[in-house]
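Notes follow the structure.
Both ligands and their constituent atoms are indexed starting at 1 by order of listing.
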Amino acid sequence: MEMAVSTSTQALDEFDRNVPRICGVCGDKATGFHFNAMTCEGCKGFFRRSMKRKATFTCPFNGSCNITKDNRRHCQACRLKRCVEIGMMKEFILTDEEVQRKKDLIQRRKEEEALREAQRPRLTDEQQNLISSLVEAHHKTYDDSYTDFARFRPPVREGPVTRSASRAASLHSLSDASSDSFSHSPESGDSKVNLSNLLMMYQEQGSSPDSAEDDGSRLSMLPHLADLVSYSIQKVIGFAKMIPGFRDLTAEDQIALLKSSAIEVIMLRSNQSFSLEDMSWTCGAPDFKYCVNDVTKAGHTLELLEPLVKFQVGLKKLNLHEEEHVLLMAICLLSPDRPGVQDHARVETLQDNMCEVLQAYIRVNHPGGRLLYAKMIQKLADLRSLNEEHSKQYRLLSFQPEHSMQLTPLVLEVFGGQVT
Ligand code: VDX
């Protein structure tokens, strides 16, 4: 019984890196278990040689020598006796043939591993370079310290939650009522007429003077978030310009791509600051932490914000590598099917190439990423409908001069100008 226990603990010890590695025979530094006991290389060899020679030793002293690292050569008899005492067994000694077989096995395993490593799918240098460029471009345009945010017009969190949201919702029913007049062709020239009509309708049934200041119509977060988005658009432009191939497109195509994808890329990049713990975008200082309620104070409704937060949660849970995150932004930006893109084929070639790189990257570097590519492409589809909903809500905002005046020239240029 006792024997069984000590053997099993010894076996466990072998896996325990913290076990003192001291030779049980002489106290020298041990190299592991040899013939069933923890010993140094010297005592291991001594035991094997003694057994092979079937040597018999006699102690020149009284048969009870204390074996140490320094005197272990003095008395072979007591050294061997000590070997047996600590459990070394001749049955554990391999024959020459067994030693050879063991060596062969180790060699074969090494060769197999080398072969596997050589056969492992790899990214081409060109693919590797593309990824490096995108990662570098992102690092140059996304500052994790968020220190620039202090330069934006300050965030103001005032006004009741519900009224502000319901006010925004009433804007919505207005848009639904007249949707067939403009929603299908946002770019068409005659939309202006409808937009003006809509604006007039809104103003007629709009805020009464007494409720104007405290019902959230001031959109207290709009200046700050408009500046945040304006700043982010600049960063997205900087990122786009560093995507290999983007600068070679015509200026018109570059602009068409940026105008239609900017909000999507912003939503994508913002995932880096999104936190699952508090379901908000956390950008350093407490002032720069944005929750859904804050965004309603910039004129948006739950009809956008609920799916937007869902999107952020789903994206966050994909736990993308930075390489995948930047590739997804580049793929989003280089979508050939955006309104106004002329050289569709060229954009498609660029996008296809990046999709290939993304798939290869996942296959090679993302263990358990079998379904990841498909899930990422689904996120691009989600972004399209978020874009659609944002456009709708932005349009309502931009119709109201008192709100559109809070936007920046860049935001107005990229998302579309106010009614004139
Ligand atoms: O990650 O219609 C990134 C940089 C940081 C922070 C960040 C967060 C993005 C957020 C949180 C970035 C606040 C609300 C935003 C959201 C993305 C889109 C959403 C800005 C921007 C709003 C619906 C956008 C409204 C814009 C407008 C008022 C013009 O770049």
Show which atoms of ligand 1 fall inside a sub-4.0 Å distance from at least one heavy-atom site of [X].
{"X": "Leu222", "value": "28 (C)"}
{"X": "Leu304", "value": "23 (C)"}
{"X": "Cys283", "value": "5 (C), 6 (C)"}
{"X": "Ser273", "value": "1 (O), 5 (C), 6 (C)"}

Could you check whether [X] pairs with [Y] (Lys NZ or Arg NE/NH1/NH2 to Asp/Glu carboxylate O, under 4.0 Å)?
{"X": "Arg338", "Y": "Asp253", "result": "no"}
{"X": "Arg116", "Y": "Glu111", "result": "no"}
{"X": "Arg82", "Y": "Glu85", "result": "yes"}
{"X": "Asp382", "Y": "Lys310", "result": "no"}
{"X": "Lys44", "Y": "Glu41", "result": "yes"}
{"X": "Glu388", "Y": "Arg384", "result": "no"}

Within-shell test, [X] vs ligand 1, heavy atom, strictly < 4.0 Å:
{"X": "Asn271", "value": "no"}
{"X": "Ala226", "value": "no"}
{"X": "Phe288", "value": "no"}

What is the closest protein heavy atom to [atom], and at what distance does it sit?
{"atom": "atom 9 (C) of ligand 1", "result": "Ser270 CB, 3.4 Å"}
{"atom": "atom 11 (C) of ligand 1", "result": "Trp281 CD2, 3.3 Å"}
{"atom": "atom 19 (C) of ligand 1", "result": "Leu308 CD2, 4.1 Å"}
{"atom": "atom 17 (C) of ligand 1", "result": "Ile266 CG2, 4.1 Å"}
{"atom": "atom 20 (C) of ligand 1", "result": "Val229 CG2, 3.6 Å"}
{"atom": "atom 14 (C) of ligand 1", "result": "Val295 CG2, 3.5 Å"}

With only distance considered, is [X] within less than 3.5 Å of ligand 1 through an N or O on each side?
{"X": "His300", "result": "yes"}
{"X": "Tyr394", "result": "no"}
{"X": "His390", "result": "yes"}
{"X": "Tyr146", "result": "no"}

ask   = Can you name the nearest heavy-atom pair linking Val414 to Ala262, along with the distance?
value =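 That would be CG1-CB, 3.9 Å.
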Step-by-step ring-ring contact (aromatic ring centres under 6.0 Å, His included) determination, Tyr361 to His321 = CA-CA 10 Å; Tyr361 178 89; His321 298 178; 5.7 Å; yes
inquiry  = Heavy atom to atom 3 (C) of ligand 1, shortest distance: which of Ala298, Ser280, Ser232 holds it?
reply    =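 It is Ser232 whose heavy atom sits nearest to atom 3 (C) of ligand 1.
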inquiry  = So does Asn271 get a backbone contact from the side chain of Lys316, meaning a donor-acceptor N/O pair under 3.5 Å?
reply    =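 Side chain of Lys316 to backbone of Asn271: a pair is present.
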Other residues, nucleotides, ligands: >12 heavy atoms within 6.0 Å of Glu98 CD = yes
Pair His224-Phe288, ring-ring contact (aromatic ring centres under 6.0 Å, His included): steps then yes or no = CA-CA 9 Å; His224 182 76; Phe288 307 142; 5.5 Å; yes
query = In chain order, what residues pass the salt bridge (charged side-chain N to carboxylate O under 4.0 Å, His left out) check against Lys375, with sequence neighbours excluded?
reply =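 Lys375 satisfies salt bridge (charged side-chain N to carboxylate O under 4.0 Å, His left out) with no other residue.
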ask   = Is there a protein heavy atom at a distance of less than 4.0 Å from atom 23 (C) of ligand 1?
value = yes
